[in-house]
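This report concerns only the one structure given below.
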Amino acid sequence: MSLLPATLAQPLLVAIPAGLVLGFLVLSAYSFLIKPLSERAIARHTQLAFLACGVAAALLLIDRIGQGAPLTLDLNTLVHTGHGLLVPSFRIDLAAASVLTLFMTILGLVGRYSATYLHREPGYERFFLLLWLFSAGVAMILTSARADFLLIGWELVGLTSVLLIGFFREREQPVLAGMRAWITYRSCDIALILAIVGMHHEAQTVDWSALYASAPSWTPGTQWAFGLLLIIGAMGKSAQAPLSGWLPRAMEGPTPSSALFYGAISVHLGAWLLLMARPIIATQPGLLILVAIIGASTAFSASVISRTRPDIKSALGWATVAQLGVIWIEIAAGFTTLAVIHILTHALLRTVQLLRAPMALHDIRARHAASQGAYLSASAWTKALPASAQQRLYAIATSNFHMDALLQKLIIAPVMGLSRSLDRMDQGFAERVAGADHDQATLANGEQAPNHSQDHSTTRATR
Amino acid sequence: MTTLSVPWLALLILIPALYGAFISRQEDIERAKLHATIASAITILGSLALVVFIITSTPQTWLDPLTWPGGHPLLGIDGFAAALLPALGLMALAWIISTPKRLATPTDIGTMLLMLATTMGQLLSMSLDTFALFSVLWALIASKSDTEPFNRRLRHRLLIPTSISLLIAAIIVEVSTVQDPLAPTLTQGWITSGSTLEWLVFGLIALNVIVRLGFIPTQWWLPSLMSRGPLGQIAMPAAAMPAAWLLYRALCPELFIRHELDTIAVWLAASSALVAAIMALSQHNLRRLLGMLTLVQSGLVSVGLVSGISQGSVGGLMLWLASALALTGLGVTIQALESRLGSCSTLVIRGAGANLPQHSLAFLLFGLMAIGMPGTLDFIGDELIFEGAIHAGIGPTIASVLAVGLSGIAMLKAWSEAFIGPVSEAAKARVCDLRRQERLVLSLLIVAIIGFGVLPHGLLAIEARFVAPHDPSAQQHTAAPAQQLISTAAPRH
């Protein structure tokens, strides 16, 4: 017997993502077309919205306690694309309700923290608007009953993450870090989209429950293919090796966004996708072993790297990656409830740690004083290694286990090289057909594109 | 199929054409823009009235009462074309209103209207000769109005001959027994005997489609053309993709019967989109980037159209409509940016968002819409196209998804290079942000794209008039007979 009647619980389920999307659209339209919102107005609206969403999520959580079957709502009759794709379809069970409640609570707390932390910061309004969009994406992912609907939230979370990494626009590094994250996300999204399209083709549906039922009947090759694509799709957001490099860089964003995205919420969504996809992945034991290997290698490498980082946010970033690796191992081993509990506790811990990060020096001094001048020593297992091995490990760790260099060398550089070659070839063709143009060389490398509009008007005037 | 009592379609084309000719003779740019705005607004309203009429009427195809001397139809409309016409009007309106007065002449504004008229003419053609005529007119007007010597040479040596080749195909159809590929009376594929003349006509039409949609190996002309010259006059017809209409109406019925040719077509379209997306990654010139993104979209639209299942066709239509609007918004923003900072190279205008935040937001929004971010019609279109592509094979699907993914990377890379980061000297110039009229047209475009994206019922209702009488889920995984596929994709026959 559920606590809430279905007539109340189902609207609540839709109201959380829909309300957040609507709120974002209304506030953005007001700001763009009428006048920018004041700090107080946007902060209050945000806090109020997150409070309401938190209460709604808590009600859903209470409603789901003791309920075996998830609460579902299919809006196929209300909104449909006519071809069985992108049907808004919602589903929530105890695990999803727990995670949603916690994430909404963290969003509300960090929203309150940010109102003070970012006071008078240029981009204050932008930060909060992106927070709305991000929270809508998170709510969609957690309440989605279908893989394609999950993709909508997935993309929104990815985009807002990237825009918040590059929040401090006047500096070079945040912009580059944002691009790095975007490239990783987008590359992994390609795999996720392929998996969704392929599964829809194979099973005629992308409803998770129907996919779980259908997956065992697929051929081993299909199971391997879709399983691999789903794993790759989850790897990007979870920053699993060898795609971990973007996460510590992402700490270039403001501290509240680091706490939300790379401590509490965003990074755990990869693990959430893996949890959702686990019944499909589990059709091939080899895939579960692969997940465990990825998780173990991530946990090991990130743990070692974390110990070599001199700045607190970067160290916390790598420590987060290490814990995510452990969560992946738990999922692979079938401890899904443990993985959900790990997600919840880890999210809370990292939020606190990252929000305290600006005061790290103060904290260390306090600990230093409390320990009467004794510095904390290296861990026992590090000491157990011979000195030469320690040095070698340190060298490898400082270069992030060469993960970034390998990705740059094997993927990014060849693709960009191909792009430039094709572009040069294209311009060569155009020159051969239309004759050489004095602008051509400059246009080719983009060093200085002439103002064609002005040239054009001058030509007109002359004529 | 019924004939209209009044030549509404001819009037719909004549209004912008006459206004265009009239405006080109004026000297006052302000008056020219005002008249052009009125003309495009009338076109939008007329198109919307037609959409309502098509939705509420029983026949799926309506013919204009005006005919060629031989009696064969000149113009006609169905749900598919009806869905595109208001978007075309909106695109022209956006370019006309947003073109800075100091950078344009009345001739430029008039040309825009003539482009609108000839593009609409191509979409409403019910015979190959009508299409070819409008196509040649389009190529000649574009060439005459383009003042850049490089562009004129490119048009004279490539685009005009290509359009003339279509005219030759139309003449062959007129003087021989080859059936008109665009005739609304056809009940099946138009290559009946497999004669050399029929295949020659097929080849000429295919050549036209390949060149004008920028399929490999001819993808180089559009970015080169867009790099210089008046942006609106090049970007608007490119984003409208009238050649995709030719592909869908004239080639698809034959491609669906001949599966080996269809496979080649899907591969060609998907690889063209992928190549353009790869090239877009290294672009620093926003005009060239716009050209590349246009190529990606035309490749993806074509994948959907030639995929052979209704999901693909509907996705193609959706993406066609949405990308035309999104690319227009992106083009308008690039033009506004260039007119203020004097360059559209990301290496020159670095950090432009510091002084031009609305430009930055508009570029980001339209860029995201053009690459199919969730909540937009592009996103739904992309998903349906992938469904169509997977029906054709795993290779084209991977190429299509890669094209979408890479174009997303290219777009955000260009945005971050141009608008954020340390502010360059050029971007420090004190210039105004988006003007009120620019904000207005961009808002209209956003509302149209998001409106259709969140609630695509309206578009599906229009499209249903054309592609409806079948059950897509029943056909999706079955090797449908060729005739059934034709009736799915082109029930006008």
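Hydrogens, waters and symmetry mates are skipped; everything else that's a heavy atom, side chains included, is used.
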Measuring heavy-atom distances to chain A, does [X] have an atom under 4.5 Å in its side chain, in its backbone, in both, or in neither?
X       : value
S443(B) : side chain
I371(B) : both
V423(B) : neither
L440(B) : neither
L286(B) : neither
S360(B) : side chain

Under 4.5 Å from any heavy atom of chain B, what part of [X] do you find: side chain, backbone, both or neither?
X       : value
L163(A) : side chain
R171(A) : backbone
V162(A) : side chain

**Study point:** Top of W182(A), F429(A), F168(A) for chain B proximity - count of heavy-atom pairs under 4.5 angstrom
**Key:**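 Answer, by heavy-atom pair count under 4.5 Å with chain B: W182(A).
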Do you know which of V21(A), D189(A), L159(A), L176(A) has the most heavy-atom pairs under 4.5 Å to chain B?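 Heavy-atom pair counts peak at L159(A).
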Nearest 0.5 angstrom please: [X] [atom1] to [Y] [atom2], how far?
X       : Y       : atom1 : atom2 : result
L418(A) : L281(B) : CG    : CG    : 9.0 Å
L402(B) : I193(A) : CG    : CD1   : 10.0 Å
I278(B) : M416(A) : CD1   : CE    : 11.0 Å

To check you understand the geometry: which heavy-atom pair defines the closest contact between [X] and [Y], and what is its length?
X       : Y       : result
I409(B) : S187(A) : CD1-OG, 4.3 Å
D423(A) : M292(B) : OD1-CE, 3.5 Å
V197(A) : E387(B) : O-OE2, 3.5 Å
D426(A) : M279(B) : OD2-CE, 3.2 Å
E155(A) : M373(B) : O-CE, 3.7 Å

Output yes when a side-chain donor or acceptor of S224(B) lies under 3.5 Å from a complementary backbone atom of A430(A), and no otherwise.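 No, S224(B) side chain to A430(A) backbone: no donor-acceptor pair under 3.5 Å.
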Worksheet entry | Side-chain donor or acceptor of R186(A) paired with backbone N/O of S407(B) under 3.5 Å |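 Flag not set: sc R186(A) to bb S407(B) has no pair under 3.5 Å.
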Answer whether the closest heavy-atom distance between the side chains of [X] and [Y] falls below 4.5 Å.
X       : Y       : value
E172(A) : R350(B) : yes
Q219(B) : L422(A) : no
W221(B) : V433(A) : no
F386(B) : I196(A) : no

Contact leader toward chain A among L412(B), L154(B), I446(B), L434(B), where contacts are heavy-atom pairs under 4.5 Å: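 Top count of heavy-atom pairs under 4.5 Å with chain A: L412(B).
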Let's test your reading of the structure: which of S416(B), A410(B), P422(B) forms the most heavy-atom pairs below 4.5 Å with chain A?
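Sorted descending by pairs with chain A, the first entry is P422(B).
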- request: For the pair L151(A) and E383(B), evaluate side chain to side chain contact (heavy atoms under 4.5 Å, CB included) and give the outcome as yes or no after the intermediate values.
  value: CA-CA 11 Å; L151(A) 181 66; E383(B) 295 299 307; 3.7 Å; yes
>> What I want to find out is whether E431(A) reaches R153(B) closely enough, with some N-O distance under 4.0 Å, to be called a salt bridge.
In response: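 Result for this pair is no, no salt bridge flagged.
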